[in-house]
Amino acid sequence: MNREQRERAIIDWVRRIPAGKVASYGQIAELAGLGRGARQVGRVLSTLGGHSDVPWHRVLNSRGEIRLALDSDAGRRQRRRLRAEGVVVNRGRVRMADYAWQVSLDERLWGDFFRAE
DNA sequence: CTGATGACTATAG
DNA sequence: CCTATAGCCATCA
């Protein structure tokens, strides 16, 4: 896979995170076929621009924390977007046990099929 | 080619 | 919970 394909895979999977749910960078990397490329996910999201229609705000680190500075515009935007979807954010953190996105096998296979086009 | 960088993660103390 | 450390890996200067 070249860079373009990897970026597309990442964006595709992030778009599939349902409103009110969250995923980790590592989880998206795994789903997108990047193995341990969690950092690559963060890098791609950083190029989106805060007003993107891509639900980048639903991606948190493995501890359920918002990794953008809480006092930054982007950080506040992320927190606001999450809360607007009913996600409880405390001190920039979310209870993964309550909001972690569980991807069904069907959904995973469909994603693979979609990317194979 | 080399070294630095980061919206990362797991583990140990 | 916090810090430190070590992997990780595409990208960029």
Side-chain angles (χ1 to χ4, degrees):
Chain A
M1 268 201 296
N2 59 39
R3 170 161 72 176
E4 210 174 315
Q5 296 175 310
R6 289 195 301 272
E7 293 186 352
R8 203 195 75 190
I10 290 171
I11 300 301
D12 282 348
W13 278 107
V14 171
R15 279 186 183 289
R16 295 193 183 104
I17 306 173
K21 290 292 179 181
V22 299
S24 70
Y25 298 98
Q27 180 182 3
I28 295 300
E30 194 60 44
L31 288 169
L34 304 189
R36 305 181 188 78
R39 304 187 93 116
Q40 301 2 290
V41 174
R43 183 175 51 70
V44 171
L45 294 188
S46 74
T47 68
L48 288 178
H51 294 76
S52 170
D53 57 313
V54 175
W56 54 269
H57 59 285
R58 298 179 190 143
V59 185
L60 310 172
N61 72 10
S62 63
R63 298 179 190 176
E65 303 169 319
I66 288 178
R67 281 308 277 175
L68 293 174
L70 295 175
D71 57 348
S72 67
D73 283 359
R76 277 188 289 273
R77 184 178 302 114
Q78 181 165 23
R79 194 180 57 181
R80 181 164 49 71
R81 284 191 179 191
L82 285 171
R83 285 178 169 161
E85 299 181 343
V87 176
V88 177
V89 185
N90 257 322
R91 291 174 222 158
R93 192 176 302 163
V94 162
R95 283 186 178 291
M96 291 303 269
D98 297 333
Y99 304 102
W101 177 34
Q102 308 290 4
V103 186
S104 69
L105 180 57
D106 280 353
E107 198 167 3
R108 180 190 286 265
L109 292 177
W110 185 81
D112 290 340
F113 169 74
F114 183 80
R115 217 175 317 113
E117 291 293 289

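These values consider heavy atoms only, across backbone and side chains, with no hydrogens, waters or symmetry-generated copies.
Side-chain atoms of A/Asp53 and A/Arg15, non-hydrogen and from C-beta on, do get closer than 4.5 Å to each other.
The backbone N or O of A/Gly92 lies less than 3.5 Å from no partner atom in the side chain of A/Gln78, so there is not a single donor-acceptor pair. Remark: the backbone N or O of A/Trp101 is paired with a side-chain donor or acceptor of A/Gln27 at under 3.5 angstrom. Distance alone, capped at 3.5 Å, places no donor-acceptor pair between the A/Arg79 side chain and the A/Leu70 backbone.
Applying the salt bridge (Lys or Arg N to Asp or Glu O under 4.0 Å) test to pairs two or more places apart or on separate chains, those with a residue in residues 65-76 of chain A are A/Glu65-A/Arg93, A/Asp73-A/Arg76.
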Quick one: what's the B/S/- string for nucleotides 2-13 of chain C, heavy-atom cutoff under 4.0 Å, read 5' to 3'? -----BBBSSS-
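Among the heavy atoms of the strands lying under 4.0 Å from A/Ser46 is at least one base atom, whether or not backbone atoms are also near.
Expressed to the nearest 0.5 Å, how far CZ of A/Arg16 lies from CH2 of A/Trp110 amounts to 4.5 Å. To the nearest 0.5 Å, atoms CD1 (A/Ile17) and OH (A/Tyr99) are separated by 15.5 Å. Remark: A/Leu34 CG to A/Gln40 CD distance equals 7.0 Å, nearest 0.5 Å.
Rounded to a whole angstrom, the distance from the P atom of C/dG7 to that of B/dA7 is 23 Å.
Listed by chain and number, the residues in a salt bridge (Lys or Arg N to Asp or Glu O under 4.0 Å) with A/Arg36 amount to none (sequence neighbours excluded). In this structure A/Arg81 satisfies the side chain to side chain contact (heavy atoms under 4.5 Å, CB included) test together with A/Trp56, A/His57, A/Arg77, sequence neighbours excluded.
Proximity of residues 72-88 of chain A to DNA chain B (heavy atom under 4.0 angstrom from any strand atom) is not detected for any residue.
In summary, contact between chain A and DNA chain B, defined as any nucleotide atom under 4.0 Å from a heavy atom of the protein, begins and ends at B/dG6 to B/dA10 in the 5' to 3' direction.
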